[in-house]
Structures are given as structure tokens and as C-alpha cells.
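All chains are named by letter (A, B, ...) in the order of the sequence lines, taking the proteins before the strands, and each is independently numbered beginning at 1. Atoms considered below: every heavy atom in the structure, side chains included; atoms not considered: hydrogens, waters and symmetry mates.
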There are 2 protein chains.
Amino acid sequence: MQYKDKTMGATKTDHFTDNQNQLAVLAKALGHPARIAIMEYLLKVDTCICGDIVNELPLSQPTVSQHLKELKNAGLIKGSIEGNSICYCINEPGLEKIKGFFEHISNHLEKKRNDCC
Amino acid sequence: MQYKDKTMGATKTDHFTDNQNQLAVLAKALGHPARIAIMEYLLKVDTCICGDIVNELPLSQPTVSQHLKELKNAGLIKGSIEGNSICYCINEPGLEKIKGFFEHISNHLEKKRNDCC
DNA sequence: TCTTTATATTGCAATATTACGATATTTATT
DNA sequence: AATAAATATCGTAATATTGCAATATAAAGA
């Protein structure tokens, strides 16, 4: 997770705007079905949920923990210690940011139809 | 780009729903600042654009070509041969699909506030 | 305190992604 | 036909991601 743009193979984040990099981080965090599943589960259970997430997914506990960490780092979920377990829920600012990107595109397309392809 | 769930290191797509996998593919395609930049450029130029995309990005021609291919495979852009060059523009169905995911989450959150974290 | 339960971290193997030089392909133009 | 221009593909090196077993940590309950 370095992204230092030193040599080959690493994403050249330096050459893009902060906004582009932020959106990419958010999108990337959702670029795995397990992490989509986690978001859907957090939504389904209505409130924040403590524990249970591991049992909902077809992956081992360390793997799920890692996915949760990535979603948290990207700002899509947040978690707080709740006694024995950890309580996770969706982090709205992160979600609104990427949602806004798609709405922006969609609104633009609506105004100016591009039917040449 | 196999995703066969054979051994270690490969994403276990088999264990998730088609919908979850499709959303993950769309999100993953936007999980790189260059591909965000391409989408923004296609939006900015208003209509479909032939050529020029390579010159807009701080990456080599083969690298840009590869990014365009990924966006196309994910269904976020479409391209048609236009004489000497290729005419690219945003593919609305792909965009609407992922946009819908975020709206779905956002709508749900609005109804049921989760303020426990 | 000891055990149980829940979650995180470490270490590592397998696979995927990123980037680009070199080269191929394809179409337009001369 | 030969050249030029635009884009794609190949090959390869560097880096990142995925997944899990083993282990560590931290809090709850006996």
C-alpha cells in the first residue's frame, strides 16, 4: 500500500489530482465482491452490527478482517469497540463522495446526449 | 484476469452473487486514478472523442490503451472505429448500474439512521 | 486467574495489476 | 505500393492484492 510512484508496477498517483486519487481509492475499496457483500450486509441489518460479519462471508476470519480494514481505511465504514466485539457501520461521508461522482456524470450525460458510438 | 478460485491469491468470485461480482467489477474498473481521469475527460469533452485521450494522460500509449480496455471490458465506456482512430464515450448502462448501487445504499441510510458508532 | 470469545497481525504463497519498450496491426494518405 | 498516424498486443519487471494458517491481543465471564 505504498503508491510512491518510484518504479514500474506502482500506480502513478502523483500525476493525478487529489480528487481523482480519492475517488479511485473509494472505488478500489469496493472493487471486491466480499467488500460489496460487507456493505450490503451492513445495510441489511439496519443498524450497526457487532460481530457476525465473519459468519456471513465465505472467507476466513483473517481475510474478512483484512477486507474490513480496507473499507475502513478508504472511509466507507467505521467501527468502534463495543465491549467484546467491534461495532461496524457505514460511514456516510465516504459513501456520499463516491455517490456524488456518479451523479455528476449521470447528470451531465442527461443534458448532453452522446449518441455517436 | 482469471478469477477461477483455484488456489491462493485469486478472488473467490464463486462464493458471491452475480450482482456482487458485477458491482465489484465496475468499482474495480474505476479503482485507478487514470481511469477516473478518463471518465472525467470523456464527460468534459461533451461528445464522444476520437483520439486525444493518450495526450491527456501522463502515461504512455500502451498503458492508456490498457486502461481503456479495462473500462471497456467493465462496460463503463464503449468505443467504435472511426476511420483512422477510435471514438470512445461513456456507456450509460454500466454507469447506471453502479450509480444505482450507491443510491440504494444512500436511500436506505436516509430512512434508518445508524448513529451508534 | 484462567478460559473463552472476538478481532487483529504476521508471514508467506499464489495471483493480479501497473507500466512501458518494442512490435504488430489497421486505416488514411500520398 | 509505400508511408504515416493511431491504436493494440506482447513481453517483462516491479509492485499490489488475495487468502489463510499460525499467532497475538484484548475484553468478558467463570
May I ask you to verify if any side-chain N or O of His67(B) is less than 4.0 angstrom from the OP1 or OP2 atom of dT17(C)? no
Round to the nearest Å and state the distance from Glu70(B) atom CD to dT9(D) atom C1'. 14 Å
Could you state the atom-to-atom distance from CD of Gln66(A) to C1' of dA21(D) in whole Å? 13 Å
Counting side-chain heavy atoms from CB outward, which of dA8(D), dA19(C), dA5(D) is closest to Ile86(B)? dA8(D)
Leu71(A) atom CG is separated from dT17(D) atom P, nearest whole Å, by 13 Å
Check: Gln61(A) side chain, dA8(C) base, donor-acceptor under 3.5 Å: yes
Basic-acidic side-chain contact under 4.0 Å: Lys99(A), Glu103(A): yes
Joint hydrophobic cluster, Met39(B) plus Val25(B), side-chain heavy atoms closer than 4.5 Å: no
Sorted by position of nearest nucleotide on DNA chain D, 5' first, the leading residue of Ile81(A) and Ser60(A) is Ser60(A)
Residue pair Thr63(A)/Ala34(B) against DNA chain C: nearer the 5' end by closest nucleotide is Thr63(A)
Whole-Å distance separating the NZ atom of Lys12(B) from the P atom of dT15(C): 14 Å
Using whole Å, what does the distance between atom P of nucleotide dA8(C) and atom CG of Leu68(A) come to? 7 Å
Verify the contact: side-chain N or O of Ser85(A) to OP1 or OP2 of dA6(C), cut-off strictly under 4.0 Å; return yes or no. no
Looking at side-chain heavy atoms only, is the closest gap between Leu30(A) and Leu23(B) below 4.5 Å? no
Whole angstrom value for the distance that separates P of dG19(D) from CD1 of Ile38(A): 11 Å
Quickly work out the Asp52(B) CG to dA5(D) P distance and round it to whole Å. 15 Å
dT7(D), OP1 or OP2 - any side-chain N/O from Lys69(B) closer than 4.0 Å? no
Please work out if Leu59(B) contacts a base, only the sugar-phosphate, or nothing of the nucleic acid, heavy-atom cut-off 4.0 Å. sugar-phosphate
Short side-chain N/O contact from Ser65(A) to OP1 or OP2 of dT7(C), under 4.0 Å: no
Over how many whole Å does the gap from Glu56(B) atom CD to dA6(D) atom C1' extend? 16 Å
Any Lys/Arg nitrogen of Arg35(B) or Glu70(B) sitting under 4.0 Å from an Asp/Glu carboxylate oxygen of the other? yes
Do Leu59(A) and Phe16(B) touch side chain to side chain, with heavy atoms closer than 4.5 Å? yes
